[in-house]
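All remarks here apply to the structure that follows.
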Amino acid sequence: MTLLQVRGLNKSFGGVRAVDGINFDLQEGELLALIGPNGAGKSTTFNMVGGQLKASGGSIRLLGKELVGRRPRDICRMQVGRTFQIAETFASLSVVENVQMALLSHYGKGFSLFGSARKLYRDEAMELLSQVGMQHHAERPCSELAYGDVKRVELAMGLANDPRLLLMDEPTAGMGPEERNDLMALTKRLVVERRMAVLFTEHSMDVVFAYADRMIVLARGRLIAEGDAQYIRNHPKVQEVYFGTGKTFENEQAPSQVTP
Ligand code: ADP
Ligand code: MG
């Protein structure tokens, strides 16, 4: 089933066409990677889907409903989730309290309630933590956790609005290879179990090729290729934007070291 349908989407900043008329679909149960060199328009695309940026033109439909022109809060209520980094100020709170915060925000309760409402949504928060395998760390302050575990908590927080579509901007940034693989394997499992879809950006080509069901490649705001790992790996235009001509992902010694 088609969850998201993007048509003729564009965004200009002054004279710069950050996103220039892109089209793509996202199916339920799909892990779709949005890749491309720096400045390609990935974050701009993300922020238009989430409503943080207003599109200059085109449409983004979620199950047929137009998202362009809606505020982030309304888009969130339509079950589009996104993972945010746990803010410094909340790092001293426990793991479960951070997830409770995300739930409070989702249900439209102010954070100010929190002091007198330590029990609010606790069971729901524990359930989300068990989905990411962090229930045994519930009482620890986030500041004590290993980096990979923080990312799991952020993933649980991203699930607070029971998303049909989850947006993850560089979910594995700063992680070592093993942590990266764990997080992506977990994400893939959740996509299937929760029958949602994930749109993510990622620098590591290893991760993208190993986990994405499909990928779309942007360069200078345009969509230059779309397909599975094998197709993208061998696509001449993709190799050109990443490596210049002559080199390929195959003969690149350490693709994960490339900072596109
Ligand atoms: P990516 O995430 O792929 O690295 P971005 O979407 O951040 O790329 O940026 C795409 C282009 O739009 C770049 O040329 C960038 O400089 C420009 N851009 C992004 N955000 C803004 C902004 N708020 N104001 C002006 N230009 C922007
Ligand atoms: Mg970006």
Side-chain angles (χ1 to χ4, degrees), residues 4 6-26 31-60 67-73 75-76 80-87 147 150-151 154-155 157-158 165-175 180 183-184 187 197-209 211-212 214-227 229 232-233 235 237-244 249 252 255-260:
L4 193 75
V6 174
R7 292 293 178 271
L9 186 65
N10 66 79
K11 178 73 187 175
S12 298
F13 294 108
V16 179
R17 290 190 171 187
V19 173
D20 194 2
I22 64 171
N23 305 301
F24 66 90
D25 287 353
L26 179 56
L31 194 55
L32 178 66
L34 183 59
I35 63 174
N38 261 336
K42 303 181 295 294
S43 296
T44 304
T45 301
F46 248 76
N47 290 331
M48 286 193 281
V49 178
Q52 285 76 20
L53 276 177
K54 189 169 188 305
S56 309
S59 90
I60 304 170
L67 299 186
V68 172
R70 290 183 202 254
R71 292 172 307 169
R73 175 159 279 279
I75 293 173
C76 179
V80 177
R82 58 188 296 161
T83 53
F84 284 101
Q85 292 194 337
I86 291 172
Y147 192 68
V150 172
K151 293 287 157 186
E154 289 172 356
L155 180 55
M157 292 168 75
L165 167 65
L166 182 64
L167 305 171
M168 302 172 84
D169 203 356
E170 303 212 15
T172 73
M175 287 181 146
R180 255 185 217 160
L183 187 76
M184 290 316 294
T187 304
V198 168
L199 179 65
F200 75 111
T201 62
E202 176 60 60
H203 268 162
S204 161
M205 286 301 133
D206 293 349
V207 169
V208 171
F209 289 146
Y211 292 100
R214 205 156 54 86
M215 48 217 75
I216 53 184
V217 189
L218 297 184
R220 297 178 177 211
R222 299 242 167 132
L223 197 157
I224 61 165
E226 174 175 4
I232 294 296
R233 211 191 278 272
H235 197 290
K237 266 197 198 165
V238 177
Q239 293 178 348
E240 194 181 318
V241 301
Y242 273 91
F243 303 121
F249 288 108
E252 176 68 26
S256 60
Q257 300 303 306
V258 174
T259 308

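For ligands, and for the atoms within them, numbers begin at 1 and follow the listed sequence. A quick note: this is a predicted structure, and the numbers were derived from the prediction, not measured. Side chains included, hydrogens not; waters and symmetry mates left out as well; all remaining heavy atoms used.
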Would you find more than 12 non-hydrogen atoms of other residues, nucleotides or ligands less than 6.0 Å from R70 atom CZ?
-> yes
Heavy atom of the protein closest to [atom] (residue, atom name, distance):
atom	result
atom 7 (O) of ligand 1	S43 CB, 3.9 Å
atom 12 (O) of ligand 1	A18 CB, 3.2 Å
atom 23 (N) of ligand 1	F13 CE2, 3.6 Å
atom 5 (P) of ligand 1	T44 OG1, 3.6 Å
atom 13 (C) of ligand 1	G39 O, 3.8 Å

From [X] atom [atom1] to [Y] atom [atom2], the distance as rounded to the nearest 0.5 Å:
X	Y	atom1	atom2	value
I22	L34	CD1	CG	6.5 Å
L223	I216	CG	CD1	5.5 Å
I232	M215	CD1	CE	6.5 Å
T172	E202	OG1	CD	3.0 Å

Element-labelled atoms of ligand 1 that are located less than 4.0 Å from some non-hydrogen atom of N38 = 4 (O)
Which of the ligand 1 atoms, numbered from 1, are nearer than 4.0 Å to a heavy atom of A40 |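 Matching atoms, with element in brackets: 1 (P), 3 (O), 8 (O).
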Of all heavy-atom pairs between E226 and N23, which one has the smallest distance, and what is that distance?
-> OE1-O, 4.3 Å
Where do N47 and R82 come nearest, in terms of heavy atoms and distance?
->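 Of all heavy-atom pairs spanning N47 and R82, the closest is OD1-NH2, 3.3 Å.
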Does G41 come within less than 4.0 Å of ligand 1, judged by its heavy atoms?
->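 Yes, G41 has heavy atoms under 4.0 Å from ligand 1.
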Pairing of E240 and K237 as salt bridge, 4.0 angstrom limit = no
Pairing residues for D169 by the side-chain contact (heavy atoms from CB on, under 4.5 Å) criterion, not counting sequence neighbours = S43, F46, T201
Listing protein N, O or S under 2.8 Å around the Mg ion (ligand 2) gives S43 OG
Sub-4.0 Å protein heavy atom next to atom 16 (O) of ligand 1 |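 Neighbour list for atom 16 (O) of ligand 1 is empty of protein heavy atoms (cut-off 4.0 Å).
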Taking the side chain as C-beta and beyond, is there a heavy-atom pair between V49 and L165 under 4.5 Å?
-> yes
